[in-house]
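Data block below; observations after.
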2 protein chains.
Amino acid sequence: MELVGLTAGKLAKAAEVNVETLRYYERRGLLPEPPRKASGYRVYPESAVDRLKFIKGAQVLGFTLEEIQELLEMRLDTKTNRADVRQRATKKVATIQEKIDALEQMKQALEHLVHQCHGSGSSAECPILEAIPTFSGT
Amino acid sequence: MELVGLTAGKLAKAAEVNVETLRYYERRGLLPEPPRKASGYRVYPESAVDRLKFIKGAQVLGFTLEEIQELLEMRLDTKTNRADVRQRATKKVATIQEKIDALEQMKQALEHLVHQCHGSGSSAECPILEAIPTFSGT
DNA sequence: CTTGACCCCGTACCATACTACAGGGTTTAC
DNA sequence: GTAAACCCTGTAGTATGGTACGGGGTCAAG
């Protein structure tokens, strides 16, 4: 029987994650429990692909699964009011901005280094990452 | 005997890390082996504080210790090949830029949501977070 | 109607990045 | 000159985020 939706395997492939990861996320509450067929097989909506990609993307940016869960749960919680959601979203924005700033500094330090060291010849030390270690105070 | 430099405990406190972490980083090669006193006690230079703060900062940005090590080792002295270092630095700049871009998108999506959701009802009708799972598709 | 691909569950194992001992010397402050 | 505070080493344990496996049902094709 073929109704709409994805099987675990299809979803895993589409989102480029391991099948086991789906179950893991489900246990953690990151992926909502999908409906099941009579056989017990999970049937995921197409949107699950985006959700997984979001999770993966956020992870690369240094968010923990717990933080990602917070982001994702903000919209489901009908008990929280808008002001609360707004406040938390705003806070996340600030966190994200801090990360961006730190990355910009890091990037600039590296670019500086690249420019300083374009000569192939002579001697002296090319002062590379001396600049970088100073950014982290934030 | 009190010569210049920091003991493990002082360094750990100054950099806000666990003392054990210092040894761990040393084992991993992230923190160079400092000179020792006759007793065997490590004597760290002040600069170790910055190095540790850099490591901590970079971690928050989603770099693994291995990647951080690469960054830190990228100082070119006379023994390293400049072209090689430049190439690697350029590559790092690109990955950093990717992170920045992803974070910008995330930020914009959240800011958009914050603007959309200005009322005071329940978050269920708040269009904000509907968008989250989809903004990562990029 | 069977066989191979797929799914289920529970549990065990893995890598990364710490963190915590245990057992034993060293320093420093009183 | 002794006790608290600190340092050493090696090794073991923890948390997070998966990943693998065994034992067993399910489904679609031939």
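Just so we're on the same page: letters track the sequence lines, and every chain starts at 1.
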Keeping K99(A) on the side-chain end and L61(A) on the backbone end, is there a donor-acceptor pair under 3.5 Å? yes
Do D101(B) and Q105(B) get their side chains close enough for a donor-acceptor pair, meaning under 3.5 Å? no
Quick note, S39(A) side chain, CB onward, closest among dC8(D), dT16(C), dC27(D) is dC27(D)
Does a side-chain N or O from R42(B) land closer than 4.0 Å to OP1 or OP2 of dC7(D), or not? no
Does atom CD (Q97(A)) have a neighbourhood of more than 12 heavy atoms from anything else shown, all under 6.0 Å? yes
Shortest non-hydrogen contact from V19(A) to A8(A)? CG1-CB, 4.1 Å
For E33(B) and dC7(D), what is the distance between atoms CD and P respectively, to the nearest whole Å? 18 Å
Nearest whole angstrom, please: distance from the C1' of dC6(D) to the NZ of K10(B). 10 Å
Quickly work out the K37(B) NZ to dC6(D) P distance and round it to whole Å. 14 Å
What protein N or O atoms touch nucleotides 19-23 of chain D N or O atoms at under 3.5 angstrom, if any, and at what distances?
{"residue": "dT19(D)", "atom": "OP2", "partner": "T21(A)", "partner atom": "OG1", "Å": "3.1"}
{"residue": "dA20(D)", "atom": "OP2", "partner": "N18(A)", "partner atom": "ND2", "Å": "3.2"}
{"residue": "dC21(D)", "atom": "N4", "partner": "E20(A)", "partner atom": "OE1", "Å": "3.4"}
{"residue": "dC21(D)", "atom": "N4", "partner": "E20(A)", "partner atom": "OE2", "Å": "3.4"}

Distance, rounded to the nearest Å, where E26(B) contributes CD and dC18(C) contributes C1': 16 Å
So which atom in E67(B) and which in G62(B) form the shortest heavy-atom distance, rounded to 0.1 Å? OE1-O, 3.9 Å
Does Q59(A) make a side-chain N or O approach to OP1 or OP2 of dT16(D) shorter than 4.0 Å? no
If you go through the side-chain atoms of Y41(A), does one of them form a donor-acceptor pair with the base of dG25(D) closer than 3.5 Å? yes
Below 4.0 Å: OP1/OP2 of dG17(D) and any side-chain N or O of R28(A): yes
Does any non-hydrogen side-chain atom of I55(B) lie less than 4.5 Å from one of L65(B)? yes
Picking from dG17(D), dC9(C), dC6(D), the nucleotide nearest the side-chain atoms of R36(A) would be dC9(C)
Might you confirm whether atom CD of E66(A) has over 12 heavy atoms from other residues, nucleotides or ligands at distances under 6.0 Å? no
Atom CD1 of I55(A) to atom C1' of dT16(D): distance rounded to whole Å? 15 Å
Write down the distance between CD (E67(A)) and P (dG17(D)), rounded to a whole number of angstrom. 9 Å
Taking atom P of dT19(C) as reference, at what distance in whole Å does atom CG of L65(B) sit? 11 Å
Note: for G40(B) and F63(B) on DNA chain C, the residue whose nearest nucleotide lies more 5' is F63(B)
Establish, with yes or no, whether the OP1 or OP2 oxygen of dC7(C) is under 4.0 angstrom from a side-chain nitrogen or oxygen of T7(A). yes
Could you tell me the separation between the OH atom of Y25(B) and the P atom of dT19(C), rounded to a whole number of Å? 8 Å
